[in-house]
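Here is the structure we will look at.
For the numbers below, each heavy atom of this structure counts, side chains included, while hydrogens, waters and symmetry mates do not. It should be emphasised that the depicted structure is a prediction, and the values quoted were computed from it without experimental measurement.
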Amino acid sequence: EASGHSVAYFNPLWKNMKNLEKKYGVKLPLYLHAGESCSLYNHNISEIPMEDNKRIGHALNLIYSPKLMEKVKQNQNLIEVSPISNQILGYVSDLRNHPARVLLANNVNISINSDDPGVFGYDGLSYDFWMAYLNWDLTVKDLVAYGRFPHRSWWQNNEVEESEIIEWSLGETGIEYLKDRLVSTLSGGERQRAWIAMALAQKPQLLMLDEPTTYLDIGHQLEVLNIIKKLNIEHKISIVMVVHDLNQALQYADNIVVMAEGEIVASGSPQSVITKDLLKGIFGVEADEIINSLGYKNFLPLKLVKPKNKQD
């Protein structure tokens, strides 16, 4: 494609692969990374599904040919989508309007990938994956259903049980009424509950949360923390959670680990670990200690002081 030739130009080479498979006794599956064009005049995408290939890269203009889209579905081709790089390179002007939204709506198999993880600094699951979730037309129920992927297999799939678990996850997080809403239209608190519901659908024994209350207003913070506490108490799910609000840790945690500069400096029950001396020594904050109406110790920051573990 880059050399100016169409995909069809290379047909003799594709066909010769069959001979090579027979000659050497190995499988040579064909993966064509072409179709990186939104132009109606680019015919590569129309030629790709005619080959005996397994995957198609980008396929940005596939949406303009319904019959070809059906052919791709019949062949069970997988479309490899790189949403963020497509936007960076100018193939789409807005991630929310990426053609993959149409492919998903028409039940075309797609995978969300990074074009070049090294270039974008990705390590492991790429940022494309999460941004696509937030910007494409996925309903809350669709999002929660993805939590069941680890438990699905092509030879055994109990749809009734799957549906019950999804509905249970929606119910436990209090978002049944949001199940038909698009994820992109949710508030911060609603979206956080949707993510927790997706994790819950996996039926985990351990739930790891990184700052689940960040960017939420105080009401949504308490809402999310109450859901997490309920999962721990009623369903015996162990929770490992990173929080920076010490008063929240004092109220919701059973055990706490305090870290400074990558080292554990204290651990144990929150009421015994979090003290005025610790706040002054680790965080450089002088605070008043009070007991709130629920019986929990709380701290009111007063002023900054020099932490004991800091050097001039």
Inset, instruction - Determine yes or no for a side-chain-to-main-chain donor-acceptor pair under 3.5 angstrom, with Q221 supplying the side chain and L216 the backbone. - result: yes
Legend entry - Partner residues of K67 under the side-chain contact (heavy atoms from CB on, under 4.5 Å) criterion, sequence neighbours left out: none
Inset, instruction - Give a yes or no answer on whether the side chain of N232 reaches the backbone of I237 with a donor-acceptor pair at less than 3.5 Å. - result: yes
Legend entry - N109 side, atom CG; I79 side, atom CD1 - distance, nearest 0.5 Å: 8.5 Å
Legend entry - Pairing residues for E167 by the salt bridge (Lys or Arg N to Asp or Glu O under 4.0 Å) criterion, not counting sequence neighbours: K141, K179
Inset, instruction - Give a yes or no on this: more than 12 heavy atoms of other residues, nucleotides or ligands lie within 6.0 Å of atom OH of Y177. - result: yes
Legend entry - Verdict with supporting geometry, Y296 and N247, side chain to side chain donor-acceptor pair (under 3.5 Å): CA-CA 9 Å; Y296 294 106; N247 287 328; over 6 Å; no
Legend entry - Value rounded to 0.5 Å, distance of OG in S163 from CZ in R148: 11.0 Å
Inset, instruction - Answer yes or no: is there a donor N or O on one side and an acceptor on the other, between the side chain of S169 and the main chain of I165, under 3.5 Å? - result: yes
Legend entry - L300 side, atom CG; E289 side, atom CD - distance, nearest 0.5 Å: 10.0 Å
Inset, instruction - Using atom types as modelled and distance alone, determine if a side-chain donor or acceptor of D217 lies under 3.5 Å from a backbone N or O of G219. - result: yes
Legend entry - CG on L62 to CD1 on I110, rounded to 0.5 Å: 11.5 Å
Inset, instruction - Decide if atom CD1 of I264 counts as having more than 12 heavy atoms of other residues, nucleotides or ligands within a radius under 6.0 Å. - result: no
Legend entry - Polar side-chain atom of S272 near backbone of G268 as donor-acceptor pair, under 3.5 Å: no
Legend entry - Partner set under salt bridge (Lys or Arg N to Asp or Glu O under 4.0 Å) for K276, not counting sequence neighbours: none
Inset, instruction - Would you please say whether a donor-acceptor pair under 3.5 Å links the side chains of E190 and H220? - result: no
Legend entry - Exam field: side chain N292 to backbone L294, donor-acceptor pair closer than 3.5 Å: yes
Inset, instruction - Report the C-alpha separation of W195 and L143 in whole Å, then their side-chain angles, then the decisive distance to 0.1 Å, and conclude whether the side chain to side chain contact (heavy atoms under 4.5 Å, CB included) test is met. - result: CA-CA 8 Å; W195 289 118; L143 179 65; 3.7 Å; yes
Legend entry - ILVMFWY cluster, V102 and V72 together (side-chain gap under 4.5 Å): yes
Inset, instruction - Mind checking the CD-CD spacing from Q251 to Q271? Nearest 0.5 Å is all I need. - result: 10.0 Å
Legend entry - Residue among D245, L246, L250 satisfying side-chain contact (heavy atoms from CB on, under 4.5 Å) with Q248: D245
Inset, instruction - For Q192 and T213, run side chain to side chain contact (heavy atoms under 4.5 Å, CB included): C-alpha distance rounded to whole Å, both residues' side-chain angles, the deciding distance at 0.1 Å, then the answer. - result: CA-CA 8 Å; Q192 197 70 296; T213 58; over 6 Å; no
Inset, instruction - Output the distance between atom CG (N77) and atom CE (M69), rounded to the nearest 0.5 Å. - result: 13.0 Å
Inset, instruction - State whether the side chain of R193 and the backbone N or O of A197 hold a donor-acceptor pair below 3.5 Å, judged by distance alone. - result: no
Inset, instruction - Establish, from distance only, whether the side-chain atoms of E211 and H244 form a donor-acceptor pair under 3.5 Å. - result: yes
Inset, instruction - Just do the side chain to side chain contact (heavy atoms under 4.5 Å, CB included) check on V140 and D180 with the steps written out, would you? - result: CA-CA 6 Å; V140 171; D180 295 321; over 6 Å; no
Inset, instruction - Any chance you could lay out the side chain to side chain contact (heavy atoms under 4.5 Å, CB included) test for Y146 and Q202, step after step, and finish with the verdict? - result: CA-CA 9 Å; Y146 280 115; Q202 297 181 47; over 6 Å; no
Legend entry - I218 with L225, same ILVMFWY side-chain cluster at under 4.5 Å: no
